[in-house]
Amino acid sequence: MPTIDCDPTAARERLADAGVSVDDGNTPHERWRAEREGAVAVAYDDKVVVQGSDPTRLTALLSDGGGRAHVYFDGASRGNPGPASVGWCLVTSDGVVAEGGERIGRATNNQAEYAALIRALEGADEYGFDAVDVRGDSELIVKQVRGEWNANDPELRERRVRARELLERFDRWSIAHVPREINERADDLANEALDDAN
(Lines give C-alpha, C1' and ligand atoms only; values in the text may rest on other atoms or scores of the structure.)
Protein backbone atom coordinates (compact mmCIF):
# COMPACT_ATOMS: atom_id res chain seq x y z
CA MET A 1 0.00 0.00 0.00
CA PRO A 2 1.93 3.07 -1.24
CA THR A 3 2.22 6.09 1.06
CA ILE A 4 3.08 9.40 -0.58
CA ASP A 5 4.44 12.23 1.56
CA CYS A 6 2.93 15.38 0.07
CA ASP A 7 0.78 18.43 0.61
CA PRO A 8 -2.81 17.08 0.55
CA THR A 9 -4.19 20.34 -0.87
CA ALA A 10 -1.80 20.27 -3.83
CA ALA A 11 -2.43 16.55 -4.30
CA ARG A 12 -6.18 17.15 -4.38
CA GLU A 13 -5.73 19.82 -7.07
CA ARG A 14 -3.53 17.48 -9.12
CA LEU A 15 -6.21 14.78 -9.02
CA ALA A 16 -8.98 17.23 -9.87
CA ASP A 17 -6.95 18.53 -12.84
CA ALA A 18 -6.71 14.94 -14.08
CA GLY A 19 -10.50 14.54 -13.89
CA VAL A 20 -10.59 12.39 -10.75
CA SER A 21 -13.58 12.98 -8.47
CA VAL A 22 -12.48 13.89 -4.93
CA ASP A 23 -14.90 13.58 -1.98
CA ASP A 24 -14.74 14.54 1.68
CA GLY A 25 -13.12 12.05 4.07
CA ASN A 26 -15.12 9.45 5.99
CA THR A 27 -13.58 10.28 9.39
CA PRO A 28 -12.32 13.45 11.12
CA HIS A 29 -8.74 12.33 10.39
CA GLU A 30 -9.29 12.04 6.64
CA ARG A 31 -8.93 15.26 4.64
CA TRP A 32 -10.40 13.74 1.45
CA ARG A 33 -10.86 10.50 -0.54
CA ALA A 34 -10.58 9.81 -4.26
CA GLU A 35 -11.30 6.69 -6.28
CA ARG A 36 -10.18 5.66 -9.74
CA GLU A 37 -10.24 2.30 -11.54
CA GLY A 38 -9.68 -0.02 -8.59
CA ALA A 39 -7.62 2.39 -6.48
CA VAL A 40 -8.60 4.57 -3.51
CA ALA A 41 -6.51 7.46 -2.20
CA VAL A 42 -7.06 8.75 1.34
CA ALA A 43 -5.45 12.04 2.41
CA TYR A 44 -4.28 12.81 5.93
CA ASP A 45 -2.45 15.91 7.24
CA ASP A 46 0.88 15.32 5.50
CA LYS A 47 0.47 12.22 3.36
CA VAL A 48 -1.79 10.31 1.01
CA VAL A 49 -2.26 6.54 1.33
CA VAL A 50 -3.29 4.63 -1.79
CA GLN A 51 -4.90 1.21 -1.66
CA GLY A 52 -6.86 -1.13 -3.89
CA SER A 53 -6.23 -3.68 -6.62
CA ASP A 54 -4.39 -1.26 -8.92
CA PRO A 55 -2.84 1.60 -6.91
CA THR A 56 -0.70 2.84 -9.83
CA ARG A 57 -3.83 4.45 -11.31
CA LEU A 58 -3.60 7.08 -8.55
CA THR A 59 0.03 6.99 -7.40
CA ALA A 60 1.12 8.03 -10.87
CA LEU A 61 -0.94 11.21 -10.54
CA LEU A 62 0.07 11.93 -6.95
CA SER A 63 3.82 11.44 -7.09
CA ASP A 64 6.30 13.74 -8.76
CA GLY A 65 7.68 10.76 -10.64
CA GLY A 66 11.25 10.18 -11.66
CA GLY A 67 13.71 7.78 -10.18
CA ARG A 68 14.55 4.18 -10.95
CA ALA A 69 12.58 0.99 -10.39
CA HIS A 70 13.16 -2.72 -10.67
CA VAL A 71 10.27 -4.17 -12.65
CA TYR A 72 9.43 -7.86 -12.22
CA PHE A 73 6.94 -9.69 -14.45
CA ASP A 74 5.58 -13.21 -14.88
CA GLY A 75 2.83 -14.84 -16.90
CA ALA A 76 1.07 -18.12 -16.14
CA SER A 77 -0.96 -20.44 -18.34
CA ARG A 78 -2.57 -23.67 -17.21
CA GLY A 79 -2.88 -25.84 -20.27
CA ASN A 80 -0.70 -23.83 -22.67
CA PRO A 81 -2.99 -22.58 -24.08
CA GLY A 82 -5.44 -22.39 -21.24
CA PRO A 83 -6.64 -20.07 -18.48
CA ALA A 84 -3.92 -17.45 -18.10
CA SER A 85 -2.89 -14.61 -15.82
CA VAL A 86 -0.20 -12.02 -15.24
CA GLY A 87 1.74 -10.87 -12.20
CA TRP A 88 3.98 -7.84 -11.87
CA CYS A 89 5.79 -5.85 -9.19
CA LEU A 90 7.54 -2.45 -9.10
CA VAL A 91 10.30 -2.14 -6.50
CA THR A 92 12.46 0.85 -5.50
CA SER A 93 14.93 1.41 -2.69
CA ASP A 94 11.85 2.20 -0.54
CA GLY A 95 10.39 -1.25 -1.16
CA VAL A 96 7.40 -2.43 -3.21
CA VAL A 97 5.75 0.57 -4.84
CA ALA A 98 3.00 -1.23 -6.72
CA GLU A 99 2.07 -4.74 -7.76
CA GLY A 100 -0.78 -6.58 -9.37
CA GLY A 101 -2.10 -9.87 -10.64
CA GLU A 102 -5.07 -10.55 -12.88
CA ARG A 103 -6.66 -13.09 -15.20
CA ILE A 104 -6.28 -12.38 -18.91
CA GLY A 105 -8.51 -15.10 -20.38
CA ARG A 106 -7.12 -17.92 -22.51
CA ALA A 107 -3.51 -17.67 -23.69
CA THR A 108 -0.30 -19.57 -24.20
CA ASN A 109 2.46 -19.23 -21.64
CA ASN A 110 4.49 -16.96 -23.95
CA GLN A 111 1.46 -14.75 -24.63
CA ALA A 112 0.88 -14.47 -20.88
CA GLU A 113 4.54 -13.58 -20.30
CA TYR A 114 4.33 -10.75 -22.84
CA ALA A 115 1.03 -9.54 -21.35
CA ALA A 116 2.68 -9.43 -17.91
CA LEU A 117 5.67 -7.51 -19.26
CA ILE A 118 3.42 -4.98 -20.98
CA ARG A 119 1.25 -4.48 -17.87
CA ALA A 120 4.35 -4.03 -15.70
CA LEU A 121 5.83 -1.47 -18.08
CA GLU A 122 2.52 0.40 -18.25
CA GLY A 123 2.55 0.57 -14.46
CA ALA A 124 6.13 1.86 -14.38
CA ASP A 125 5.27 4.44 -17.03
CA GLU A 126 2.14 5.56 -15.15
CA TYR A 127 4.20 5.90 -12.00
CA GLY A 128 6.58 8.23 -13.85
CA PHE A 129 9.90 6.43 -13.43
CA ASP A 130 12.84 7.69 -15.50
CA ALA A 131 14.70 4.38 -15.55
CA VAL A 132 13.69 0.72 -15.23
CA ASP A 133 15.59 -2.51 -14.78
CA VAL A 134 13.19 -5.19 -15.99
CA ARG A 135 13.54 -8.76 -14.73
CA GLY A 136 11.66 -11.88 -15.75
CA ASP A 137 12.16 -15.64 -15.69
CA SER A 138 11.22 -16.17 -19.35
CA GLU A 139 14.45 -16.34 -21.31
CA LEU A 140 12.48 -16.35 -24.58
CA ILE A 141 10.72 -13.05 -23.86
CA VAL A 142 13.88 -11.35 -22.57
CA LYS A 143 15.96 -12.40 -25.59
CA GLN A 144 13.22 -11.49 -28.06
CA VAL A 145 12.79 -8.02 -26.53
CA ARG A 146 16.57 -7.47 -26.61
CA GLY A 147 16.59 -8.51 -30.27
CA GLU A 148 18.80 -11.57 -29.72
CA TRP A 149 16.12 -14.03 -30.83
CA ASN A 150 13.46 -13.65 -33.53
CA ALA A 151 9.76 -13.77 -32.78
CA ASN A 152 8.28 -15.99 -35.51
CA ASP A 153 4.73 -15.97 -34.15
CA PRO A 154 2.86 -12.89 -35.49
CA GLU A 155 1.06 -12.28 -32.18
CA LEU A 156 4.30 -12.44 -30.19
CA ARG A 157 5.94 -10.09 -32.70
CA GLU A 158 3.14 -7.59 -32.15
CA ARG A 159 3.53 -7.83 -28.37
CA ARG A 160 7.30 -7.40 -28.67
CA VAL A 161 6.73 -4.18 -30.63
CA ARG A 162 4.39 -2.92 -27.87
CA ALA A 163 6.92 -3.79 -25.16
CA ARG A 164 9.70 -1.96 -27.04
CA GLU A 165 7.46 1.10 -27.50
CA LEU A 166 6.88 1.21 -23.75
CA LEU A 167 10.58 0.74 -22.96
CA GLU A 168 11.48 3.67 -25.19
CA ARG A 169 9.45 5.97 -22.92
CA PHE A 170 12.16 5.64 -20.25
CA ASP A 171 15.44 7.56 -20.27
CA ARG A 172 17.29 4.34 -19.46
CA TRP A 173 16.21 0.72 -19.39
CA SER A 174 17.57 -2.79 -19.21
CA ILE A 175 15.95 -6.20 -19.38
CA ALA A 176 17.48 -9.40 -18.05
CA HIS A 177 16.57 -13.02 -17.42
CA VAL A 178 16.58 -14.09 -13.76
CA PRO A 179 15.94 -17.43 -12.03
CA ARG A 180 12.37 -18.09 -10.89
CA GLU A 181 13.30 -17.63 -7.21
CA ILE A 182 14.40 -14.03 -7.92
CA ASN A 183 11.06 -13.45 -9.65
CA GLU A 184 9.05 -15.10 -6.89
CA ARG A 185 6.66 -12.23 -6.07
CA ALA A 186 5.50 -11.75 -9.68
CA ASP A 187 5.15 -15.54 -10.03
CA ASP A 188 3.05 -15.70 -6.84
CA LEU A 189 0.78 -12.88 -8.03
CA ALA A 190 0.15 -14.56 -11.39
CA ASN A 191 -0.64 -17.90 -9.77
CA GLU A 192 -2.83 -16.34 -7.07
CA ALA A 193 -4.88 -14.66 -9.82
CA LEU A 194 -5.51 -18.05 -11.40
CA ASP A 195 -6.23 -19.73 -8.06
CA ASP A 196 -8.70 -17.00 -7.04
CA ALA A 197 -10.75 -17.61 -10.19
CA ASN A 198 -11.35 -21.27 -9.36
Side-chain angles (χ1 to χ4, degrees), residues 1-8 10-12 14-15 18 20 25 29-76 85-102 113 115-138 141-142 163 166-167 169-196:
M1 171 166 38
T3 299
I4 301 165
D5 294 319
C6 62
D7 172 12
R12 182 178 190 148
R14 195 178 300 173
L15 290 177
V20 178
H29 300 293
E30 296 178 2
R31 302 268 301 271
W32 51 261
R33 295 175 73 88
E35 189 170 346
R36 182 182 202 182
E37 299 174 20
V40 177
V42 180
Y44 299 95
D45 286 339
D46 58 354
K47 65 185 175 187
V48 176
V49 177
V50 184
Q51 50 200 323
S53 61
D54 194 357
T56 57
R57 300 294 180 190
L58 287 174
T59 54
L61 295 171
L62 292 167
S63 65
D64 292 331
R68 172 177 164 256
H70 282 86
V71 177
Y72 296 91
F73 72 95
D74 196 27
S85 63
V86 300
W88 57 275
C89 188
L90 307 179
V91 181
T92 68
S93 57
D94 295 327
V96 174
V97 174
E99 60 182 22
E102 61 190 274
E113 292 280 2
L117 171 60
I118 288 166
R119 181 63 194 98
L121 291 173
E122 288 171 345
D125 182 49
E126 290 169 4
Y127 205 86
F129 290 110
D130 297 323
V132 290
D133 294 309
V134 183
R135 304 292 180 257
D137 57 35
S138 170
I141 299 324
V142 168
L166 287 165
L167 285 167
R169 295 182 182 181
F170 303 99
D171 294 339
R172 188 195 61 73
W173 62 269
S174 70
I175 184 167
H177 174 256
V178 295
R180 179 159 294 188
E181 52 272 17
I182 302 292
N183 202 38
E184 185 175 7
R185 184 59 186 151
D187 181 72
D188 287 348
L189 289 163
N191 282 301
E192 286 169 12
L194 281 178
D195 292 342
D196 289 347

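Here the structure is a predicted model, which means the values were calculated and not measured.
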dist Tyr72:OH -> Ile182:CD1 (nearest 0.5 Å) comes out at 7.0 Å

query: After noting the C-alpha distance and the side-chain angles of Val134 and Trp173, does the key distance pass the side chain to side chain contact (heavy atoms under 4.5 Å, CB included) rule?
result: CA-CA 7 Å; Val134 183; Trp173 62 269; 5.6 Å; no

So CZ of Arg180 and OG of Ser138: to nearest 0.5 Å the spacing works out to 9.5 Å

Could you walk me through whether Phe170 and Leu121 pass the side chain to side chain contact (heavy atoms under 4.5 Å, CB included) check? CA-CA 10 Å; Phe170 303 99; Leu121 291 173; 4.3 Å; yes

Original post:
Do side-chain atoms of Asp130 reach the backbone of Gly67 as a donor and acceptor pair under 3.5 angstrom?
Top reply: yes

Item checked: Pair Val42-Gln51, side chain to side chain contact (heavy atoms under 4.5 Å, CB included): steps then yes or no -> CA-CA 8 Å; Val42 180; Gln51 50 200 323; 3.8 Å; yes

* Asked: Can you tell if the side chain of Arg33 reaches within under 4.5 Å of the side chain of Val40, non-hydrogen atoms only?
  -> yes

Looking only at heavy atoms, the pair that brings Val20 and Ala34 closest together is CG1-CB, 4.0 Å

Evaluate side chain to side chain contact (heavy atoms under 4.5 Å, CB included) for Asp74 paired with Glu113, printing each intermediate quantity in order. CA-CA 6 Å; Asp74 196 27; Glu113 292 280 2; 3.1 Å; yes

Check: Judged by atom type as modelled, is there a donor-acceptor pair below 3.5 Å linking the side chain of Asp187 to the main-chain atoms of Asn183?
Finding: no

Answer yes or no: is there a side-chain heavy-atom contact under 4.5 Å between Phe73 and Ile141?
-> yes

With a 4.5 Å cut-off on side-chain heavy atoms, are Ser174 and Arg135 touching? yes

(request) Answer yes or no: is there a donor N or O on one side and an acceptor on the other, between the side chain of Trp32 and the main chain of Ala41, under 3.5 Å? (result) no

When rounded to the nearest 0.5 Å, the distance separating CG of Leu167 from CZ of Arg172 is 11.5 Å

| Side chains of Leu90 and Glu99: closer than 4.5 Å at any heavy-atom pair? | no

Between the CZ atom in Arg31 and the OH atom in Tyr44, the distance rounded to the nearest 0.5 Å is 12.5 Å

On a heavy-atom basis, the closest approach of Ala116 and Gly87 is CB-O, 3.9 Å

With a 4.0 Å cut-off, would you call Asp125 and Arg169 a salt bridge?
yes

Could you tell me whether the side chain of Leu166 reaches within less than 4.5 Å of the side chain of Ile118, counting heavy atoms only?
yes

Please examine the side chains of Glu102 and Arg119, heavy atoms only from C-beta on, and report whether any two atoms are closer than 4.5 Å. yes

Just by distance, do the side chain of Ser85 and the backbone of Ala190 share a donor-acceptor pair under 3.5 Å? yes

Check: Is there a side-chain contact between Cys89 and Val96, using heavy atoms and a 4.5 Å cut-off?
Finding: yes

* **Electrostatic pair Asp133:Arg68 at N-O distance under 4.0 angstrom** => yes

